[in-house]
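Quick notes on the structure that follows.
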Amino acid sequence: MQTEDIDGKTLETWTPEEVATAMKKGEIVLIDVRTPAEYAFEHVEGALLFPMAFFDPHYLPSQREKPIVLMCGSSARSGKMARKVLEAGAQSIAHLEGGFGKWKKDNQPYIGTDMPSGAPKRMDNAPE
């Protein structure tokens, strides 16, 4: 995990492996800030959807029990929303390095779409 100090507050950048491990252990809340359509097509299992278009840091759950990690497709939007969270008064927030694109590139499992049926399908994304 990398950390960056922003006006005395902490912005953390987690790798896909760190997020996957923490998700399996139930140690974090992962929030996807992509559009509903992007999320519906493919997403990290267990990630909550809070689209950037409607993102208001005041509606985020407390981080007292579990830290929040934000994610998007490339980490550009999640980085912007993380800064917005810090500006709203949070002392720290995290986001996923490289976003969902890096998540898939690093062969992490996700929920995708079965193209013939249109149904959700678990994808292990393991190399052939």
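Since we're looking at a predicted model, the values are computed, not measured. As a basis for the values below, the full set of heavy atoms in this structure was taken, side chains included, without hydrogen atoms, waters or symmetry mates.
Identified under the ring pair (Phe, Tyr, Trp, His ring centres under 6.0 Å) test for residues 48-74, with sequence neighbours left out: Phe50-Phe55. For residues 23-35, every residue pair satisfying the side chain to side chain donor-acceptor pair (under 3.5 Å) rule, not counting sequence neighbours, is listed here: Asp32-Arg34, Thr35-Glu38.
The distance from the CG atom of Leu70 to the CD atom of Glu12 is 11.0 Å, given to the nearest 0.5 Å. Atoms CD1 and CE, on Ile111 and Met123 in that order, are 9.0 Å from each other to the nearest 0.5 Å. Lys80 NZ to Met52 CE: the interatomic distance, rounded to the nearest 0.5 Å, is 5.0 Å. Separating the CD atom in Gln108 from the CG atom in Leu96 is a distance of 9.5 Å, to the nearest 0.5 Å. Taken from CD in Gln63 to CD1 in Ile28, the straight-line distance is 11.0 Å, to the nearest 0.5 Å. Here the CZ-CD distance, from Arg83 to Glu4, works out to 5.0 Å after rounding to the nearest 0.5 Å.
Here the shortest heavy-atom pairing between Leu86 and Leu11 reads CD1-CB, 4.1 Å. Counting all heavy atoms, side chain and backbone alike, Leu48 lies closest to Tyr39 at C-CE1, 4.5 Å. Closest approach of His95 and Gly79 over heavy atoms only: ND1-N, 3.6 Å. Here the shortest heavy-atom pairing between Cys72 and Val33 reads CB-CG2, 3.8 Å.
Side-chain atoms of Trp103 come within 3.5 Å of backbone N or O of Pro109 as a donor-acceptor pair.
Other residues sharing a hydrophobic cluster with Phe41 under the 4.5 Å side-chain heavy-atom criterion for ILVMFWY residues are Met115.
Neither Val29 nor Val69 shares a network with the other; the hydrophobic side chains, linked directly or stepwise wherever heavy atoms of I, L, V, M, F, W or Y lie under 4.5 Å apart, form separate groups for each. Hydrophobic clustering keeps Trp14 apart from Ile6 (ILVMFWY residues linked when any side-chain heavy atoms are closer than 4.5 Å, directly or through intermediates). Under the 4.5 Å side-chain heavy-atom criterion for ILVMFWY residues, a single connected hydrophobic cluster contains both Phe100 and Met23. When hydrophobic clusters are built by joining Ile, Leu, Val, Met, Phe, Trp and Tyr residues whose side-chain heavy atoms come closer than 4.5 Å, directly or via intermediates, Val19 is grouped together with Tyr110. Hydrophobic clustering of Ile, Leu, Val, Met, Phe, Trp and Tyr side chains at less than 4.5 Å, counting indirect connections, unites Met81 with Ile31.
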